[in-house]
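Read through the structure below, which is laid out as structure tokens, and then see the notes.
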Protein chains: 2
Amino acid sequence: MRSEAKQLTIGRLARAAEVGVETIRYYQSIGLIPTPEPTGTYRYYPVTLVDRIRFVKRGQQLGLSLAEIAELIRLNDGMHRAAIRGIAKRRMVEIDNRINDLQKIRSALATLVNRCAHTKSTLPCPIIESLAAQR
Amino acid sequence: MRSEAKQLTIGRLARAAEVGVETIRYYQSIGLIPTPEPTGTYRYYPVTLVDRIRFVKRGQQLGLSLAEIAELIRLNDGMHRAAIRGIAKRRMVEIDNRINDLQKIRSALATLVNRCAHTKSTLPCPIIESLAAQR
DNA sequence: GTAAACTCTGTACCCAACCCCAGAGTCAAG
DNA sequence: CTTGACTCTGGGGTTGGGTACAGAGTTTAC
């Protein structure tokens with residue numbers, strides 16, 4: 001058994017987690033990952049931070065903001081499972097709303113493109129007309 | 001018949017179009033609406049700009065960027081109907097892609113929330129686990 | 001032992017679409 | 001004719017998630 005954990009410089013940590021060095025510094029600046037005290041001049045990072053950063057990246061792929069991800073990390077003590085589900089559920093509601101909005105926009109655009117394609121070219125473009133209409 | 005068109009100060013124009021004065025200045029700065037030469041000290045704006053600004057706002061509601069809206073305005077000479085449809089169609093493709101992405105994210109979240117709700121509270125939260133999983 | 005590659009701190013910049021402020025001058029209602 | 005509401009120019013700041021230096025010091029591979 002070795003008692004000291006492996007440590008990485010910031011550049012190695014960045015390469016291991018497949019992010020830029022600046023991303024790590026940014027995450028530190030917003031408190032998403034800790035900033036170890038310098039040992040001598042440089043700071044050394046535990047390898048466990050590689051997983052932490054990948055955690056963040058996967059959360060982003062689910063559309064979570066860094067603030068939400070920070071909250072997930074904070075809540076991950078086994079005591080707050082319902083709160084964690086709450087974050088995921090709120091995100092789902094937002095996604096549902098966004099999908100609804102996009103579908104409305106999509107069908108409005110489809111209608112306009114269709115009308116435009118079937119309107120005599122001597123008449124004004126229905127797309128422009130619809131935007132210009134006073135309501 | 002009155003020969004001179006009605007003119008508005010920037011504040012009246014803003015109120016008529018229901019935007020802020022700063023929005024108008026911003027639109028001027030990016031060339032979306034013209035900046036009339038000052039008459040004396042102040043600039044005076046034709047009422048037709050009210051419609052132009054509402055046009056912009058409605059385009060934004062369809063998810064168009066200001067750059068795309070500027071292009072629509074530029075193309076609106078009766079000669080470029082196909083190009084106008086092209087803008088709308090490209091936006092539709094982007095929207096379709098976005099909807100697909102969101103639906104994938106939504107179902108991933110739904111699965112996680114469901115699994116989390118049906119996992120013994122003595123076990124680690126599946127939402128956290130899934131984000132922490134090494135892949 | 002030296003040169004390349006790295007790290008440190010700090011600052012500034014990117015995107016879009018604005019918002020807000022200061023200070024000076026101007027216009028219009030009463 | 002005063003006073004309050006407006007306009008002008010020019011600058012700054014906001015949000016989120018970073019990227020890009022600059023300049024000085026440090027470590028490491030050969």
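Here is how names work: the chains are called A, B, and so on, in the same order as the sequence lines, proteins then strands, and each is numbered from 1.
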Give the rounded distance in Å between these two atoms: CD of A/Gln28 and P of C/dG10.
13 Å
Candidate nucleotides C/dT9, D/dG17, C/dC18, ranked by approach to the side chain of A/Tyr26 - the nearest
D/dG17
Shortest non-hydrogen pair, B/Ile69 vs B/Gln60, comes out as CD1-N, 3.6 Å
Between the side-chain atoms of B/Glu22 and the base atoms of C/dC20, is any donor-acceptor pair under 3.5 Å?
yes
To the nearest Å, give me how far apart CZ (A/Arg12) and P (C/dA5) are.
14 Å
Length of the line joining A/Glu37:CD and C/dT7:C1', which is rounded to integer Å
16 Å
B/Leu32 CG to C/dC18 C1', in whole Å, measures 13 Å
Checking contacts here: which listed nucleotide (D/dT19, D/dT9, C/dT7) is nearest the side-chain heavy atoms of B/Arg25?
D/dT9
Single-linkage hydrophobic cluster A/Leu72~B/Ile105, side-chain heavy atoms < 4.5 angstrom
yes
note: A/Ile69, atom CD1; D/dG18, atom P; distance rounded to Å ~ 9 Å
Report yes if at least one side-chain N or O of B/Arg15 is closer than 4.0 Å to OP1 or OP2 of D/dC6; otherwise report no.
yes
Can you work out whether A/Tyr44 or A/Gly20 has the more 5'-proximal nearest nucleotide on DNA chain D?
A/Gly20
A quick test of your reading: do over 12 heavy atoms of other residues, nucleotides or ligands sit less than 6.0 Å from CZ of A/Arg43?
yes
N/O donor-acceptor pair under 3.5 Å between B/Arg81 side chain and A/Thr119 backbone:
yes
Integer-rounded Å distance: C/dT9 C1' and A/Ile10 CD1:
12 Å
Below the 4.0 Å mark, does D/dT7 have OP1 or OP2 next to a side-chain nitrogen or oxygen of B/Thr41?
no
Report which part of the nucleic acid B/Leu66 touches: base, sugar-phosphate, or nothing (heavy-atom distance under 4.0 Å, all strands).
sugar-phosphate
Side-chain-base donor-acceptor pair under 3.5 Å for A/Tyr42 and C/dC6
yes
Closer than 4.0 Å, any side-chain N/O of B/Thr23 to the OP1 or OP2 of C/dC19?
yes
B/Glu68 CD - C/dA17 C1' separation (whole Å)
14 Å
Does a side-chain N or O of B/Thr9 approach OP1 or OP2 of D/dC6 to a distance below 4.0 Å, or not?
no
Under 4.0 Å between a side-chain N/O of B/Lys57 and OP1 or OP2 of C/dA17, yes or no?
no
Please state how far atom CD1 in B/Ile24 lies from atom P in C/dC19, giving the value in whole angstrom units.
11 Å
Side chains of A/Thr9 and A/Tyr44: does their closest heavy-atom pair fall under 4.5 Å?
yes
With a 4.0 Å limit, can you tell me whether A/Gln60 has a side-chain N or O closer than that to the phosphate oxygens OP1/OP2 of D/dG16?
no
